[in-house]
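Sequence lines set the chain letters: A, B, ... in the order given, protein chains first and strands last, and positions in each chain run from 1.
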There are 2 protein chains.
Amino acid sequence: MSGDSIEEENPQESSWREMAVARSLDPARARAEQRLQRFLDAAMELMAASPGREFTVQEVVERSGQSLRSFYQYFAGKHELLLALFEESVRSSTAQVLAHIDGVDDPLERLRGFTSEYYRICRPSRGTGRGTERGGAGRGVGGSADGAANAASAMADFAQQLLTRHPAEAARAFAPLVSTYESLLDAAADAGAIRDGLDHRRITGVVLQAVMFNSFADTISGSSVEPAEPSAEGLWELLTSGLAAAPATKPSATKSAARRGTPRRPS
Amino acid sequence: MSGDSIEEENPQESSWREMAVARSLDPARARAEQRLQRFLDAAMELMAASPGREFTVQEVVERSGQSLRSFYQYFAGKHELLLALFEESVRSSTAQVLAHIDGVDDPLERLRGFTSEYYRICRPSRGTGRGTERGGAGRGVGGSADGAANAASAMADFAQQLLTRHPAEAARAFAPLVSTYESLLDAAADAGAIRDGLDHRRITGVVLQAVMFNSFADTISGSSVEPAEPSAEGLWELLTSGLAAAPATKPSATKSAARRGTPRRPS
DNA sequence: GCTCGGCGAGAACGGCCCTCTCCTGTGGCG
DNA sequence: CGCCACAGGAGAGGGCCGTTCTCGCCGAGC
């Protein structure tokens with residue numbers, strides 16, 4: 001371990017040496033990264049093109065205009081491609097949701113905004129709106145933010161698999177989202193907006209899981225795909241107030257939020 | 001739709017006709033049901049034997065001592081076998097959980113008992129305790145309750161797939177559990193134990209989903225597989241009380257439950 | 001005895017992931 | 001200008017799996 005010290009030499013000498021090597025390697029690296037990105041883009045396009053369907057490696061290869069051989073040079077297997085896609089999706093979703101609550105100051109409101117926006121993102125076939133069908137491919141490494149966000153719902157499909165079959169990698173992939181949410185919880189707790197004594201890490205897991213897989217709840221309860229919009233509010237309201245009978249000492253803000261959530265379905 | 005009325009004839013004539021046909025078919029039907037059950041049992045044994053792993057049709061066929069041909073006579077595909085297994089698992093889980101709260105009277109306590117017991121059932125590798133390795137196969141159709149319950153955790157693995165790929169069937173399979181939970185909610189609401197104005201159907205979906213896939217929450221938050229026991233209480237407590245800052249009118253039970261949840265990890 | 005339906009055995013097929021080999025285009029070098 | 005190294009495309013092939021199909025056995029009824 002830490003065996004690179006074998007090659008240590010004078011700092012300045014090694015520095016220009018590295019520079020030279022880097023200059024020689026840089027184009028190669030750039031090309032490699034672009035090729036890799038082409039695979040990622042192709043996969044994203046496929047997921048966006050027919051959501052719910054599982055693409056095949058062949059399709060990715062064909063769409064990317066590269067070869068199977070190259071694919072397995074860059075990814076140890078299909079699984080790694082999916083993992084990379086998923087990581088990027090989590091990263092970009094986190095960024096998007098953070099941007100959404102950018103101007104908000106109240107910690108509880110920030111928590112609410114984060115939750116409901118993440119809910120919206122994870123909702124299938126209810127993305128940012130635009131299709132991104134033939135979106136530009138081959139940007140730099142960190143460029144395609146909205147494409148990733150759009151595919152976030154399709155990602156949830158894969159998230160299950162990842163969560164059950166490769167928990168460690170899943171945890172790593174979720175890390176940015178988790179730490180973000182946890183710090184939002186911390187801030188809310190510091191402000192006294194939520195109760196004390198909660199295990200924020202665990203709450204984070206429960207909430208994110210519930211939000212991400214909320215569509216399952218609709219399916220389980222048989223309400224198919226209709227409800228669409230209002231359940232973000234409903235979920236948030238359940239999350240904050242719980243089921244317990246109100247002791248009638250709640251501040252009125254809770255009340256009004258609850259009222260908006262459940263307007264006696266006319267069905 | 002509703003096209004079976006075409007074959008309607010005189011009631012009495014068709015009745016003895018049916019009787020005769022039934023008498024002729026009955027042994028055949030019995031044999032058929034037993035064969036079918038052998039497939040189901042074999043699949044359950046496989047799931048119990050190596051949880052998490054996905055069995056193959058071949059394995060089921062071999063273990064059941066029957067032939068591939070028979071398999072496809074009884075099931076349109078692997079998918080239908082899984083669906084049958086899943087339906088049975090839901091049924092038996094529902095029964096088991098209902099039995100668990102059998103002597104309880106207080107509606108809120110019944111709700112709590114149902115929730116936490118279902119949580120326990122869905123917890124992976126934390127079944128009723130016994131292994132059921134070479135459990136008896138070939139009972140009647142509705143007999144193998146504990147085997148099904150034990151495999152419930154492995155079922156969750158499949159539940160995801162079913163929920164995303166065949167929502168209608170999934171909803172049908174979940175129906176008994178859903179209606180049971182919903183009626184528990186209704187009872188609790190009638191007793192004033194939970195707030196008014198909640199959409200019980202939707203709450204049912206959300207809660208069942210959260211409980212069933214709670215292990216995902218642990219994975220997401222990175223707490224791996226350690227937490228085991230206490231989170232059933234934690235989840236129930238979150239569910240009833242929510243996140244909102246307590247107005248200091250809660251009974252002290254809430255406090256003590258929360259304390260157990262967050263012992264400041266020494267890592 | 002002879003046929004006929006149920007069923008086991010298992011070959012065959014197609015789709016998938018992945019590996020491996022062949023071969024071409026390209027760029028550096030004497 | 002000829003040569004070599006090598007990245008990368010094309011695609012055949014192997015293994016696994018679900019699914020289908022064919023064959024042959026065996027017991028039951030005419």
Side-chain angles (χ1 to χ4, degrees), chain A residues 20-21 23-43 46-47 50 52-86 137-138 157-158 161-162 165-166 169, chain B residues 20-21 23-43 46-47 50 52-86 137-138 157-158 161-162 165-166 169:
Chain A
V21 172
R23 191 168 10 249
S24 144
L25 254 45
D26 242 16
R29 169 183 302 272
R31 251 181 300 138
E33 273 176 1
Q34 186 194 331
R35 300 180 132 263
L36 187 142
Q37 188 63 32
R38 278 211 277 163
F39 283 125
L40 293 176
D41 288 342
L46 283 171
M47 297 194 93
S50 61
R53 201 177 155 290
E54 298 193 6
F55 58 80
T56 166
V57 173
Q58 290 287 353
E59 290 171 326
V60 173
V61 164
E62 280 162 21
R63 182 141 198 156
S64 76
Q66 297 172 127
S67 74
L68 205 53
R69 188 177 179 281
S70 293
F71 181 87
Y72 286 100
Q73 265 178 342
Y74 289 99
F75 301 98
K78 187 187 189 183
H79 167 251
E80 285 214 351
L81 166 66
L82 289 169
L83 184 59
L85 247 42
F86 184 68
D157 256 30
F158 168 63
Q161 254 192 16
L162 192 61
R165 272 200 267 283
H166 306 276
E169 279 128 317
Chain B
V21 172
R23 188 166 14 243
S24 144
L25 254 45
D26 240 15
R29 170 185 300 271
R31 250 181 300 140
E33 273 176 1
Q34 187 194 333
R35 299 181 132 263
L36 189 143
Q37 188 63 32
R38 278 211 276 162
F39 283 124
L40 294 175
D41 288 341
L46 284 171
M47 296 193 95
S50 61
R53 201 174 154 291
E54 299 193 6
F55 59 79
T56 165
V57 173
Q58 290 287 354
E59 290 170 326
V60 173
V61 164
E62 281 162 21
R63 181 141 198 157
S64 77
Q66 296 175 127
S67 75
L68 206 53
R69 189 175 180 281
S70 293
F71 182 88
Y72 284 101
Q73 264 179 344
Y74 288 100
F75 301 98
K78 186 185 188 183
H79 167 252
E80 285 214 351
L81 166 66
L82 289 169
L83 183 60
L85 248 42
F86 184 68
D157 258 30
F158 167 63
Q161 254 192 14
L162 191 61
R165 273 201 266 283
H166 306 276
E169 280 128 316

Can you tell which of [options] lies closest to the side chain of [X]?
X: Y74(B); options: dT19(D), dC7(C), dC17(C); value: dC7(C)
X: Q73(B); options: dC17(C), dC7(C), dC17(D); value: dC7(C)
X: R69(A); options: dC18(C), dG18(D), dC22(C); value: dC22(C)
X: S67(B); options: dT20(D), dA9(C), dC16(C); value: dA9(C)

[atom1] of [X] versus [atom2] of [N]: gap in Å, rounded?
X: F75(B); N: dT20(D); atom1: CZ; atom2: P; value: 15 Å
X: Q34(B); N: dG6(C); atom1: CD; atom2: P; value: 17 Å
X: E62(A); N: dG15(C); atom1: CD; atom2: C1'; value: 13 Å
X: F55(B); N: dC17(D); atom1: CZ; atom2: C1'; value: 13 Å
X: R31(A); N: dA7(D); atom1: CZ; atom2: P; value: 10 Å
X: F39(B); N: dG18(D); atom1: CZ; atom2: P; value: 14 Å
X: R35(B); N: dG8(C); atom1: CZ; atom2: C1'; value: 9 Å
X: F71(B); N: dG6(C); atom1: CZ; atom2: C1'; value: 18 Å

Open item on the list: Less than 4.5 Å apart, side chain to side chain, heavy atoms only: is that true for L46(B) and V60(B)?
Closed with: yes
May I ask you to evaluate whether [X] reaches the phosphate of [N], defined as a side-chain N or O under 4.0 Å from OP1 or OP2?
X: Y72(A); N: dC18(C); answer: yes
X: T56(B); N: dC16(D); answer: no
X: S70(B); N: dG6(C); answer: no

Open item on the list: By nearest heavy atom, map Q66(A) and Q58(A) onto DNA chain D; which one lands nearer the 5' end?
Closed with: Q66(A)
Looking only at heavy atoms, what is the nearest atom pair of [X] and [Y], with distance?
X: H79(A); Y: H166(A); value: NE2-CD2, 3.2 Å
X: G65(B); Y: R38(B); value: O-NH1, 4.2 Å
X: A32(B); Y: Y74(B); value: CA-OH, 3.4 Å

TODO: Using the six-membered ring of F71(A), assess whether NZ or CZ of K78(A) lies under 6.0 Å from its centre and within 45 degrees of the ring axis.
DONE: no
Task: Along DNA chain C (nearest heavy atom to each residue), the more 5'-positioned of G77(A) and L68(B) - done: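 Of the two residues, L68(B) wins.
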